[in-house]
Protein chains: 2
Amino acid sequence: MPANPQNMESRARLSAADWEQAALDVVAAEGVAALAVESLARVLGVTKGSFYWHFPTRDALLKAAIDRWERRDEDEIISQVEAISDPRLRLRDLFQRVSREVQSHRIYAALLQASDLPLVQPVIERISRRRLSLLTDAYREAGFDARRAAHRARLAYTAYSGFLQLNQRHGMPRMDQDEYQAYVDHVISTLVPD
Amino acid sequence: MPANPQNMESRARLSAADWEQAALDVVAAEGVAALAVESLARVLGVTKGSFYWHFPTRDALLKAAIDRWERRDEDEIISQVEAISDPRLRLRDLFQRVSREVQSHRIYAALLQASDLPLVQPVIERISRRRLSLLTDAYREAGFDARRAAHRARLAYTAYSGFLQLNQRHGMPRMDQDEYQAYVDHVISTLVPD
DNA sequence: ATTCGACCATACGCGCAAGTATGGTATGGA
DNA sequence: TCCATACCATACTTGCGCGTATGGTCGAAT
């Protein structure tokens, strides 16, 4: 019996999950448009022939990779945050937690940029709606009426996705670590009631 | 002498400016990726042969169209706003004015989505920097110290571009006209000091 | 009336990345 | 030991959109 082949660092043979993970890495680093099967095969040390055994088409890989990402990072963070009962503390914690995550948001930013593709558009809508209602609920619990809660949630969420767009991808006025944290604090003090 | 051929509704012959304007319409409606010379020629009722007389390449058209847009809408709005001396009134007016513009922002949103192309990336950076410093200056004049002014400006601008991304293009939770205006008012009261 | 140049049509070449066809190799179980 | 299955390589075909080559037309100036 050989050592567990799942954990060997340069496995001779691949599974669909390996392709999905590699696809996510490419998407995070270079965007959805850069996801090509031949180049991805080179990264994995194989050729197209391998790919088309695991997936029928390029879009199938993209969809599978996105689904994998959505299940993993999404449920995780949201469930962690929902554990905090005080809504204002919950919002603060959410903002801080989000500001520290990196890789998962790279992928979301990449998907945002490719949201005109029919395959990713419903994903963006689904995720945005979920996160938006998460924020809206928190603001309602914090004492906002329904209208103001929806507006403030929208403001917070658009600021988040706009930040991803302008900074995470091509660095706008770059910030160092301290200034970034100061910005996050400013956002919290501006958008979260005391 | 025939009637002014510039204003006839289906001119027999085109100029470079006609191509640029048509290109902007396509970009605004379907994004940068949808800008193809053959399809654009069909829209204008001609063929590729015409296009490559006016422009050497597709990218040349895209660049010319973007430049045209940048000169037109950008200088216009900014110079109008800079006329208001009171910084808080100026910010309010800016937000309101921006909220009513449509077409120009469709194009900016499309450019944002295509900001990984080497041709549009410097445009986005240039415009963002300009608008950001416009906001920063206003907040400074309104009494914010340099740090807070920069942060608040960044927050406002990311909220703006995030809104474009999520609503203007593929409509997130859609809003009717009244709710939209209410949202704008909420943003102003949250981000602009009294 | 002729000519010249601006504008356009038609037909082609070409590169890139997706997808197909088909055959090869390695590995575990009978 | 031998076969079946899972995984992979090689060599194609195909479609799409850019760019090129070349020739045609129409209006304006001489």
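It should be emphasised that the depicted structure is a prediction, and the values quoted were computed from it without experimental measurement. Lettering of chains follows the sequences in order, A, B, ..., and the numbering in each one begins at 1.
- Put simply, the side chain of B:I188 does not reach to within 4.5 Å of the side chain of B:Y183, judged on heavy atoms.
- There is a side-chain donor-acceptor pair under 3.5 Å between B:Q165 and A:Q165.
- Look at CG on B:L62: it is 11 Å from P on D:dC18, rounded to the nearest Å.
- Cation-pi geometry between A:R58 and A:F51 is not met at under 6.0 angstrom from the ring centre and within 45 degrees of the axis.
- The distance between atom CZ of A:R42 and atom P of D:dA9, rounded to the nearest whole Å, is 12 Å.
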Requested in this report: Given ring pair (Phe, Tyr, Trp, His ring centres under 6.0 Å), test A:F95 with A:Y160 step by step and report yes or no.
Outcome: CA-CA 9 Å; A:F95 283 38; A:Y160 156 71; 9.1 Å; no

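- Two residues are said to be in side-chain contact when any heavy atoms from C-beta on lie closer than 4.5 Å; A:R72 and A:L24 meet this criterion.
- In this structure, B:R90 does not pair ionically with B:E82, as no charged nitrogen and carboxylate oxygen lie closer than 4.0 Å.
- Ring geometry for B:H186 against A:H151 counts as tilted: the plane angle lies between 30° and 60°, on a 0 to 90° scale.
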Each nucleotide N or O in nucleotides 22-26 of chain D that has a protein N or O under 3.5 Å away: list the pair and distance.
none

Query raised in the report: Reading nucleotides 10-19 of chain C from the 5' end, what letters show protein touch, with B for base, S for backbone sugar-phosphate only, - for no heavy atom under 4.0 Å?
Result: B-------BB

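- Of the possible polar contacts, one joining the B:S133 side chain to the B:R130 backbone as a donor-acceptor pair under 3.5 Å is found.
- Rounded to whole Å, the distance from CZ on B:F55 to P on D:dT20 is 15 Å.
- Checking the phosphate oxygens (OP1, OP2) of D:dA6, no side-chain nitrogen or oxygen of A:H54 falls inside 4.0 Å.
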